[in-house]
Amino acid sequence: MAMDAGEIESMIRTALPDAKIEIKDLAGDGNHYAATVVSSAFKGKTRVQQHQMVYAALKGNMGGVLHALALTTLAPDN
């Protein structure tokens with residue numbers, strides 16, 4: 001069973017309430033997504049730490065129910 005984009009966004013938003021989130025279904029199959037997440041929580045964090053924060057928000061679904069997620073994380077400029 002695949003995850004839909006709304007479920008992914010909801011899980012990320014729960015962990016990072018201020019996040020601006022854009023999710024694209026890359027293959028139209030509900031298994032391959034690209035997500036861009038912008039959150040002030042990422043300030044001062046390395047890219048790896050930022051990605052770990054998003055994966056933690058997905059509560060173990062990455063690599064299981066959620067097959068592939070191309071992730072871009074950014075801290076806001078202001």
Side-chain angles (χ1 to χ4, degrees):
M1 183 173 148
M3 290 181 76
D4 69 33
E7 186 176 3
I8 296 166
E9 181 174 349
S10 176
M11 293 177 86
I12 295 170
R13 188 158 318 283
T14 297
L16 303 165
D18 75 322
K20 292 180 181 147
I21 304 164
E22 181 182 333
I23 299 176
K24 295 179 184 174
D25 187 340
L26 297 175
D29 61 3
N31 283 318
H32 299 83
Y33 291 98
T36 300
V37 182
V38 181
S39 173
S40 60
F42 296 150
K43 285 187 179 181
K45 305 273 194 268
T46 67
R47 187 83 58 215
V48 169
Q49 290 169 323
Q50 294 172 12
H51 286 209
Q52 288 172 336
M53 291 169 71
V54 174
Y55 293 145
L58 297 172
K59 301 181 188 235
N61 287 303
M62 189 64 228
V65 176
L66 179 55
H67 178 69
L69 179 66
L71 191 55
T72 301
T73 55
L74 303 160
D77 290 334
N78 49 19

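- Within the model, atoms NZ of K20 and OG1 of T36 stand 13.0 Å from one another, a figure rounded to the nearest 0.5 Å.
- Residues V38 and F42 fall into different hydrophobic clusters, defined by Ile, Leu, Val, Met, Phe, Trp and Tyr side chains chained together at heavy-atom separations under 4.5 Å.
- Between the CG atom of D25 and the CG atom of D4 there is a distance of 9.5 Å, given to the nearest 0.5 Å.
- The minimum heavy-atom distance linking R13 with A19 is given by the pair NH1-O, 2.6 Å.
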Pair E7-I12, side chain to side chain contact (heavy atoms under 4.5 Å, CB included): steps then yes or no | CA-CA 9 Å; E7 186 176 3; I12 295 170; over 6 Å; no
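- Within the model, atoms CG of L71 and CD of Q52 stand 11.5 Å from one another, a figure rounded to the nearest 0.5 Å.
- A distance of 5.5 Å separates CD of E9 from CD1 of I23, quoted to the nearest 0.5 Å.
- Cluster partners of V48: none. The rule joins Ile, Leu, Val, Met, Phe, Trp and Tyr whenever side-chain heavy atoms lie under 4.5 Å apart, and it links nothing here.
- Atom NZ of K43 is separated from atom NZ of K45 by 12.0 Å, given to the nearest 0.5 angstrom.
- Residues that satisfy the side chain to side chain donor-acceptor pair (under 3.5 Å) test with Q49, not counting sequence neighbours, are T46.
- Closest of all the heavy-atom pairs between A35 and L69 is CB-CD1, 3.7 Å.
- Of the inter-residue distances, the one linking L16 atom CG with T73 atom OG1 reads 10.0 Å to the nearest 0.5 angstrom.
- Counting only distance, with no hydrogens or angles, the side chain of Y33 and the backbone of M3 share a donor-acceptor pair below 3.5 Å.
- Comment: K24 engages E22 in a salt bridge, judged by a side-chain N to carboxylate O separation of less than 4.0 angstrom.
- Under a 3.5 Å cut-off, the side chain of T14 and the backbone N or O of S10 do form a donor-acceptor pair.
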